[in-house]
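Notes follow once the structure below has been shown.
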Number of protein chains: 2
Amino acid sequence: MTLNTLVDHSNCEDCPIRHRAVCARCDADELVALEEIKYYRSFEAGQTIIWSGDQMNFVGSVVSGIASLTQTMEDGRTQMVGLLLPSDFVGRPGRDSAPYDVQATTDVVMCCFRKKPFEDLMGRTPHIAHRLLQMTLDELDAAREWMLVLGRKTAREKIASLLSIIARRDASASQKGSSGPIVFDLPLTREAMADYLGLTLETVSRQISALKKDEVILLQGKRHVTVPDIGRLMEEAGDDSDGGFLV
Amino acid sequence: MTLNTLVDHSNCEDCPIRHRAVCARCDADELVALEEIKYYRSFEAGQTIIWSGDQMNFVGSVVSGIASLTQTMEDGRTQMVGLLLPSDFVGRPGRDSAPYDVQATTDVVMCCFRKKPFEDLMGRTPHIAHRLLQMTLDELDAAREWMLVLGRKTAREKIASLLSIIARRDASASQKGSSGPIVFDLPLTREAMADYLGLTLETVSRQISALKKDEVILLQGKRHVTVPDIGRLMEEAGDDSDGGFLV
DNA sequence: CGGTCCATTGAAAGTGGTCAATACGGGTGG
DNA sequence: CCACCCGTATTGACCACTTTCAATGGACCG
């Protein structure tokens, strides 16, 4: 049982999210202060990291893997309200209880800080506060972008939107040229996609099959996706295909 | 033509949003600095305050009235992604072009700051930066709350959700006891409600009629609403009726 | 009085949901 | 090694809800 392993403090300078996380703007002194209060935790795919309503005694950054924020109604309907990718921040300084479930969608490693020391440090370190503001504004933009998807797009457009986001993220991560096929593995089950898109898993499955039939995407197995023409996929998503290429 | 009137600088101490806006935590000195760069602008109902893609040369707070943030797809489908009430902040420090249309839903008065001086001041004034972070986190929570409404609720629940939010806000504003009927005027047209809820205006109209027929709400005219039992309305919204009463 | 804007209501059509059967793949244990 | 099982995914048939298209009504105003 190695679910919640505490890992050795490793060097922030070598951290894969050093330049994008909440610590991105910290100088050497500030990193030292952070290193003193940080610790790592690992979670297995499917594990709940934080339960909605629970006391939050830490905040932190996703180092690797994908986590999700989910809301649930009493009758069981659920809606994913955020996807947390590496470098994304979890938790809210100045609030005690968690407003959403946080779940590990894949295996996840987090860089955690106990909340109180982090809040104190933030009060003394404008670099952290400012970066957190910037990241929060970005998340707000992403949430609003997603409101358009949820409120106004058809099932097919919703699927295309999700695939195009994942495809473009992977394309920019692997530094490929801006044309040519994009290949990636879906990090989400059909059910998780449905929860993100406000659909049922059956509809997700049908629309993926339809996009495959129309050769907008190719599938090998159930998770391995090839996008021969990202512009075509973005048209299907109802987006301008000439928009900014890197998200 | 008095659309964009510059109004006399009035005293921040007397401002109706003094304790809730981005300046809420400022002390006297900081208020003086803000007063030096602030100016008022008025907008008529229906007027567009900022066009998506435009250069933003100011940021500011809604002093009175209601404004909306709206996204539009190429084919004309629109989704409202935020409602701006008095004290809400408009604009994003550190970004030049506006990501959404901002429209005056009712007549609106804004307290504006030219962007550059405001950014400079924010860099020197942690009270402002910290308050803005707090407000942004609140907006992010509200946006995510709304994602559940858009993604998972039925038309009837969506209408009930919107009415319950407006009703509770009005009840808390008028400091009424926590029981008894709530009366208010809808600040939105049926079309604006539809854009907010991801519905058509016909569906909005039908569901309002249905809630009226079932006596969840009473209507006088088209805009004047009485909610005899807020708990009942919240049940219809699919929310826990025992949740925190003040939003 | 006619025009415009906002809202309501009806009938028909279509999209996505529900329920149910089946398939696929990876693991375990006989 | 094969049988079995479980979680995940696909597909079909039917149905419900929301949209679409269209007609009508009321309030306000020139």
Side-chain angles (χ1 to χ4, degrees), chain A residues 44-47 73 75-79 103-106 149-163 185-214 217-225 236 238, chain B residues 44-47 73 75-79 103-106 149-163 185-214 217-225 236 238:
Chain A
E44 291 186 338
Q47 211 181 345
M73 295 171 65
D75 62 7
R77 282 177 281 177
T78 66
Q79 174 67 50
Q103 283 176 309
T105 294
T106 64
V149 174
L150 290 174
R152 290 302 184 194
K153 291 196 176 179
T154 64
R156 171 181 263 242
E157 288 170 335
K158 286 179 175 180
I159 297 290
S161 296
L162 180 57
L163 293 177
D185 281 300
L186 277 174
L188 304 175
T189 64
R190 299 290 186 265
E191 185 177 21
M193 295 174 70
D195 281 347
Y196 197 46
L197 296 167
L199 297 171
T200 60
L201 67 89
E202 292 95 331
T203 299
V204 169
S205 190
R206 274 187 252 275
Q207 296 298 337
I208 288 182
S209 298
L211 289 174
K212 181 174 66 175
K213 186 162 75 62
D214 297 344
I217 60 172
L218 309 175
L219 278 185
Q220 283 152 319
K222 295 159 190 316
R223 300 290 194 89
H224 194 75
V225 179
E236 292 285 355
Chain B
E44 291 186 338
Q47 211 182 343
M73 295 172 66
D75 62 7
R77 282 176 281 178
T78 66
Q79 175 66 51
Q103 284 175 309
T105 293
T106 63
V149 174
L150 290 173
R152 291 301 183 195
K153 292 197 177 179
T154 64
R156 169 181 264 243
E157 289 170 334
K158 285 179 175 181
I159 297 289
S161 297
L162 179 57
L163 292 177
D185 282 299
L186 276 175
L188 304 174
T189 65
R190 299 291 185 265
E191 184 176 22
M193 295 174 71
D195 281 346
Y196 197 47
L197 296 166
L199 298 170
T200 60
L201 67 89
E202 293 94 332
T203 300
V204 169
S205 188
R206 276 187 249 274
Q207 296 299 336
I208 288 182
S209 298
L211 289 175
K212 180 174 65 174
K213 185 162 75 64
D214 299 343
I217 59 173
L218 309 176
L219 278 185
Q220 282 152 319
K222 295 157 190 317
R223 299 290 194 89
H224 194 75
V225 180
E236 292 285 354

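Residue numbering restarts at 1 for every chain, and letters A, B, ... go by the order of the sequence lines. Keep in mind the model is a prediction, meaning the values are calculated, not measured.
Between Leu199(B) atom CG and dA7(C) atom P there is a gap of 15 Å when expressed in whole angstrom units. Spacing between atom CG of Leu197(A) and atom P of dT15(C) amounts to 18 Å, rounded to whole angstrom units. Atom-to-atom, CD of Glu191(A) to C1' of dT10(D) comes out at 15 Å; the value is rounded to the nearest Å. If you measure from atom CE of Met193(A) to atom P of dT8(D), you get 15 Å, rounded to the nearest angstrom. Counting to the nearest Å, the P atom of dT15(C) and the CZ atom of Arg77(B) are 12 Å from each other. A straight line from NZ of Lys222(A) to P of dG25(C) spans 6 Å, rounded to a whole angstrom. One atom, CD of Gln220(B), and another, C1' of dG26(D), lie 17 Å apart when rounded to the nearest Å. In this structure, the CG atom of Leu211(B) is 15 Å from the C1' atom of dT8(C), given to the nearest Å.
Classification of Asp195(A) and Arg152(B) as a salt-bridged pair holds, one side-chain N sitting under 4.0 Å from a carboxylate O.
Each of Gln207(A) and Val204(B) was matched to the nucleotide of DNA chain C holding its nearest heavy atom; the match closer to the 5' end belongs to Val204(B). Of the two residues contacting DNA chain D, namely Lys153(B) and Leu219(A), the nearest-nucleotide position lying further toward the 5' end is that of Leu219(A).
For Thr154(A), the side chain to side chain contact (heavy atoms under 4.5 Å, CB included) partners are Arg156(A), Glu157(A), Arg77(B), not counting sequence neighbours.
Gly46(A) comes within 4.0 angstrom of no nucleic acid atom, judged by non-hydrogen atoms across all strands. At the heavy-atom level, Thr189(B) lies under 4.0 Å from the strands shown only through sugar-phosphate atoms. Arg223(B) comes within contact range of the sugar-phosphate backbone alone, with a heavy-atom separation under 4.0 Å but no base atom that close. Among the protein residues, Leu201(A) comes within range of the nucleic acid bases, having at least one heavy atom under 4.0 Å from a base atom. When heavy atoms are screened at a 4.0 angstrom cut-off, Ser205(B) is found touching base atoms of the nucleic acid.
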message: Using the rule given for side chain to side chain contact (heavy atoms under 4.5 Å, CB included), can you reason through Thr189(B) versus Leu201(B), listing the C-alpha separation, both sets of side-chain angles and the distance that settles it, and then say yes or no?
response: CA-CA 9 Å; Thr189(B) 65; Leu201(B) 67 89; over 6 Å; no
message: Determine whether Met193(B) and Leu186(B) satisfy the following criterion, side chain to side chain contact (heavy atoms under 4.5 Å, CB included), listing intermediate values before the conclusion.
response: CA-CA 10 Å; Met193(B) 295 174 71; Leu186(B) 276 175; 4.1 Å; yes
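Residue Arg190(B) places its side chain closer to dA7(C) than to any other of dT18(D), dA7(C), dG16(C).
Within 3.5 Å, a donor on the side chain of Glu202(B) pairs with an acceptor on the base of dC21(D), or the reverse. Side-chain atoms of Arg206(A) and base atoms of dT18(C) include a donor and an acceptor less than 3.5 Å apart.
Between Ser209(B) and dT9(C) there is a side-chain polar atom (N or O) within less than 4.0 angstrom of OP1 or OP2. Regarding contacts with the backbone of dT18(D), every side-chain N or O of Thr200(B) stays at 4.0 angstrom or more from both OP1 and OP2.
Counting heavy atoms from C-beta outward, Arg190(B) and Ile208(B) have side chains that approach closer than 4.5 Å.
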